[in-house]
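Encoded as structure tokens, the structure appears first; notes follow it.
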Number of protein chains: 2
Amino acid sequence: MTTMLEVAKRAGVSKATVSRVLSGNGYVSQETKDRVFQAIEESGYRPNLLARNLATKRTQTLGLVVTNTLYHGVYFSELLFNAARMTEEKGRQLILADGKHSADEEREAIQYLLDMRCDAVIIYPRFLSVDEMDEIVEKCEQPIMVLNRRLRKNSSHSVWSDHKASCQEAVSQLIEKGHREIAFITGSLDSPTGVERLSGYKDALVQHGIPLHEGLIAQGKWNPASGAAAVSELLARGATFTALVASNDDMAIGAMKQLHDSGVVTPDAVSVIGFDDVAIAPYIVPSLSSVRIPVTEMIKETISRLIFMLDGGEFKYQQTFSGELVLRDSVIDGPHR
Amino acid sequence: MTTMLEVAKRAGVSKATVSRVLSGNGYVSQETKDRVFQAIEESGYRPNLLARNLATKRTQTLGLVVTNTLYHGVYFSELLFNAARMTEEKGRQLILADGKHSADEEREAIQYLLDMRCDAVIIYPRFLSVDEMDEIVEKCEQPIMVLNRRLRKNSSHSVWSDHKASCQEAVSQLIEKGHREIAFITGSLDSPTGVERLSGYKDALVQHGIPLHEGLIAQGKWNPASGAAAVSELLARGATFTALVASNDDMAIGAMKQLHDSGVVTPDAVSVIGFDDVAIAPYIVPSLSSVRIPVTEMIKETISRLIFMLDGGEFKYQQTFSGELVLRDSVIDGPHR
DNA sequence: TTGTACGCGTTATCAA
DNA sequence: TTGATAACGCGTACAA
């Protein structure tokens with residue numbers, strides 16, 4: 001690899017001058033500029049970003065940590081796509097680190113990004129507690145933002161959407177359409193998101209004076225297969241319901257398939273609501289209603305805040321997002337029996 | 001940020017000793033080891049990877065370039081997930097750079113990874129020509145592997161699956177099941193993959209002595225909406241067919257929805273085959289057959305080769321993968337009318 | 001077993 | 001307008 005020094009020699013100038021030409025800082029005569037550029041061309045010189053970043057103490061990169069349990073599915077794609085786009089819009093590069101599937105590995109991933117001296121870090125946590133992340137935010141010199149969690153102490157360093165309220169709203173809509181027997185498929189209950197959605201379901205029932213039947217609740221694990229399994233379990237229990245809320249779209253899709261396959265209940269007879277809006281779902285299951293989580297908007301806010309902080313700014317206020325309920329025919333019509 | 005020097009002072013030793021303790025190279029007495037570790041604890045020291053990488057001339061990272069037009073969908077997720085997993089298995093970190101949506105931006109992304117001094121780079125090209133990539137492979141000091149293209153000169157630096165043969169095979173299967181009128185939805189025809197699949201379709205027909213009807217071919221753009229639009233166009237033309245091959249699963253899904261909505265042809269009456277196997281598809285459209293591209297295996301081979309090259313190895317031979325046709329009932333049964 | 005001193009490829013601060 | 005030269009934080013011969 002040819003270095004700046006070799007370029008300098010070839011052009012008959014010093015390293016410093018080459019550096020000036022490249023960075024645009026400082027005065028350089030047009031004549032020497034030309035000579036330098038020519039030398040660069042001839043030698044195929046490429047700047048070493050490691051050296052540059054070490055010297056400037058800036059890497060122009062944002063780090064992003066996500067668990068790979070989220071990798072499958074369109075939700076992650078949307079997250080990643082927008083994060084990359086917005087980061088580059090701000091003239092920076094996104095570096096992705098895999099949080100894998102444990103708290104330790106999530107910690108390691110964060111640490112890696114910090115050790116790489118990313119200018120700032122975005123964490124979409126899955127295993128780490130809110131308290132630990134509050135600690136990380138305070139300890140680190142780099143600005144840090146946490147997605148999908150509400151930090152206790154540094155709430156302005158987090159951007160989240162109110163899963164409980166969104167779910168409560170969705171269930172309320174079903175109740176108002178006349179549904180009384182509403183089944184619920186949970187997500188993994190070691191995830192706050194899963195717990196919050198379940199809690200929203202329960203609160204909506206209470207709020208409308210509808211008794212809670214544990215028999216109408218089945219546990220899922222976010223993926224389609226577990227949604228299908230949950231429906232099997234509900235049916236095996238002899239549960240009857242006119243509506244079904246699944247804690248995400250993937251499970252909702254698995255659930256609908258199982259409803260169809262089992263033949264006990266035709267899908268059209270059950271109103272189904274999911275979450276996160278797998279973008280492809282409407283093409284296949286037009287009857288699936290969904291609560292759309294505004295990932296794009298949330299990422300945008302997150303990155304804006306980070307950039308602002310990098311420029312020395314400080315946020316006092318926090319911002320909550322809420323899911324938007326997109327209803328399809330089967331819900332709008334109310335119960336079919 | 002506390003540096004190694006500060007740790008050294010606190011422990012009453014020299015930088016070199018701290019470095020030895022951290023890397024495990026060279027002899028250090030247990031006693032001083034303990035002192036150093038304690039000093040590290042107390043000061044919250046973290047090594048600066050930029051400095052380390054600059055000094056060692058190794059970054060322990062693999063770069064991956066992918067266009068964001070691939071981000072949506074499960075194919076990309078599987079690619080990324082496995083790439084990250086395997087890279088970390090080899091004790092390295094994956095760095096993702098967005099190739100965005102033009103040849104220039106794809107070049108920039110590759111250049112960025114090289115400038116960051118990634119030890120090796122994987123390119124999943126969308127816009128760059130095979131010739132240009134052959135050039136890049138030869139010019140660069142870092143090992144480079146190209147996914148989903150067959151390089152002309154450096155074929156051992158590429159891993160691809162034979163799209164033409166896979167598609168030909170799929171269409172042949174349909175023909176052998178008794179289908180004679182087989183519609184085809186192309187991918188974007190500025191992509192080699194799209195062209196190859198179309199060519200496989202045509203060749204299969206020729207091979208079986210079935211006349212080619214241009215009226216049975218409609219253009220798509222890889223996404224579900226374009227698959228639906230293609231079906232609309234076919235129907236508007238008055239085309240009749242008992243089977244339909246779409247150049248990927250997303251379009252196949254859109255196509256099936258359109259077949260259903262239009263009511264002209266019930267989906268069950270048409271055997272549909274897609275490509276790439278959107279993992280979620282079987283949960284929703286059990287009747288969708290698909291050619292599974294072995295992404296996981298291909299990534300595995302790619303990374304193995306890179307690691308081997310980093311250790312000074314050189315590959316003489318090349319390896320082709322081929323898609324595996326997964327047939328569902330509607331195809332196995334043959335034409336329904 | 002430990003310390004000294006130099007190199008990695010840049011940027012940045014001075015003089016000149 | 002240009003050139004020495006000192007950082008940046010770490011690895012590593014070489015010497016002790």
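Chain letters run A, B, ... following the sequence lines, proteins first, then strands; residues in each count from 1. Computed from heavy atoms alone, side chains included, the values below leave out hydrogens, waters and symmetry copies.
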For the helix from C:dT1-D:dA16 to C:dA16-D:dT1, what angle lies between the axis at the first five pairs and the axis at the last five pairs, to 10 degrees? 40°
Whole angstroms only, please: what is the CZ-P distance between A:Arg52 and D:dA7? 22 Å
To the nearest angstrom, the CG-P distance between B:Asn53 and D:dT12 comes to 12 Å
Quick note, B:Ala16 side chain, CB onward, closest among C:dC8, D:dC10, C:dT4 is C:dT4
Please answer whether the main-chain N or O of A:Leu50 pairs with a side-chain N or O of A:Asn48 as donor and acceptor at a distance below 3.5 Å. yes
What are the two closest non-hydrogen atoms of B:Asn53 and B:Arg58, and how far apart are they? OD1-O, 3.0 Å
Whole-Å gap separating P (D:dG9) and NZ (B:Lys9): 12 Å
Verify the contact: side-chain N or O of B:Thr56 to OP1 or OP2 of D:dG11, cut-off strictly under 4.0 Å; return yes or no. no
Polar atom pairs (N or O), protein with nucleotides 14-16 of chain D, under 3.5 Å:
none

Below 3.5 Å, can you tabulate the donor-acceptor pairs from side chains in residues 16-24 of chain B to any protein atom, sequence neighbours excluded?
from, atom 1, to, atom 2, distance (Å)
B:Thr17, OG1, B:Ser14, OG, 3.4
B:Ser23, OG, B:Ser19, O, 3.1
B:Ser23, OG, B:Asn25, N, 3.2

Compare the minimum distances between each of D:dC10, C:dT10, C:dG3 and the side chain of B:Val13, then state the nucleotide with the smallest one. C:dG3
DNA chain C contacts among residues 23-46 of chain A, heavy-atom distance under 4.0 Å: A:Tyr45, A:Arg46
Interatomic distance where CG belongs to B:Leu54 and P belongs to C:dC6 [whole Å]: 18 Å
Determine the contact category for A:Lys57: base if any of its heavy atoms lies under 4.0 Å from a base atom, sugar-phosphate if only primed atoms, P, OP1 or OP2 are that close, otherwise nothing. sugar-phosphate
Would you give the length of the straight line joining atom CG of B:Leu114 to atom CE of A:Met1, rounded to the nearest 0.5 angstrom? 6.5 Å
Ignoring hydrogens and angles, state whether a donor on the side chain of A:Asp34 or A:Gln38 is under 3.5 Å from an acceptor on the partner side chain. no
So does A:Ser14 get a side-chain nitrogen or oxygen closer than 4.0 Å to the phosphate oxygens (OP1/OP2) of D:dA4? no
Whole-Å gap separating P (C:dT1) and NZ (B:Lys15): 23 Å
side-chain contact (heavy atoms from CB on, under 4.5 Å) between B:Met298 and B:Phe321, intermediate numbers included: CA-CA 7 Å; B:Met298 288 168 68; B:Phe321 288 81; 3.5 Å; yes
Rounded to the nearest Å, what distance is computed from the CE atom of residue B:Met1 to the P atom of nucleotide D:dC10? 10 Å
Measure the spacing between CE of B:Met145 and CD1 of B:Ile122 and express it to the nearest 0.5 Å. 8.0 Å
Scan for side-chain hydrogen bond (donor to acceptor under 3.5 Å, both in side chains) pairs involving residues 304-313 of chain A, sequence neighbours excluded, and state none if there are none. A:Glu301-A:Arg305
When rounded to the nearest 0.5 Å, the distance separating CG of A:Leu62 from CD1 of A:Ile307 is 5.5 Å
Distance-only side-chain donor-acceptor flag, A:Ser29 / A:Thr32, under 3.5 Å: yes
A:Thr3 side chain near C:dG9 phosphate (N/O to OP1/OP2, under 4.0 Å): no
Under the side-chain hydrogen bond (donor to acceptor under 3.5 Å, both in side chains) rule, what pairs show up with a residue in residues 108-128 of chain B, not counting sequence neighbours? A:Arg46-B:Asp115, B:Thr59-B:Asp119, B:Tyr75-B:Tyr124, B:Tyr124-B:Asn148, B:Arg126-B:Asp190
Are any of A:Thr17's side-chain N or O atoms less than 4.0 Å away from OP1 or OP2 of D:dG3? yes
Tell me: CE of B:Met4 to C1' of D:dC8, nearest whole Å? 14 Å
With no hydrogens and no angle check, is any side-chain donor or acceptor of A:Arg92 less than 3.5 Å from a backbone partner on A:Lys90? yes
To the nearest Å, give me how far apart CG (B:Leu49) and P (D:dG9) are. 13 Å
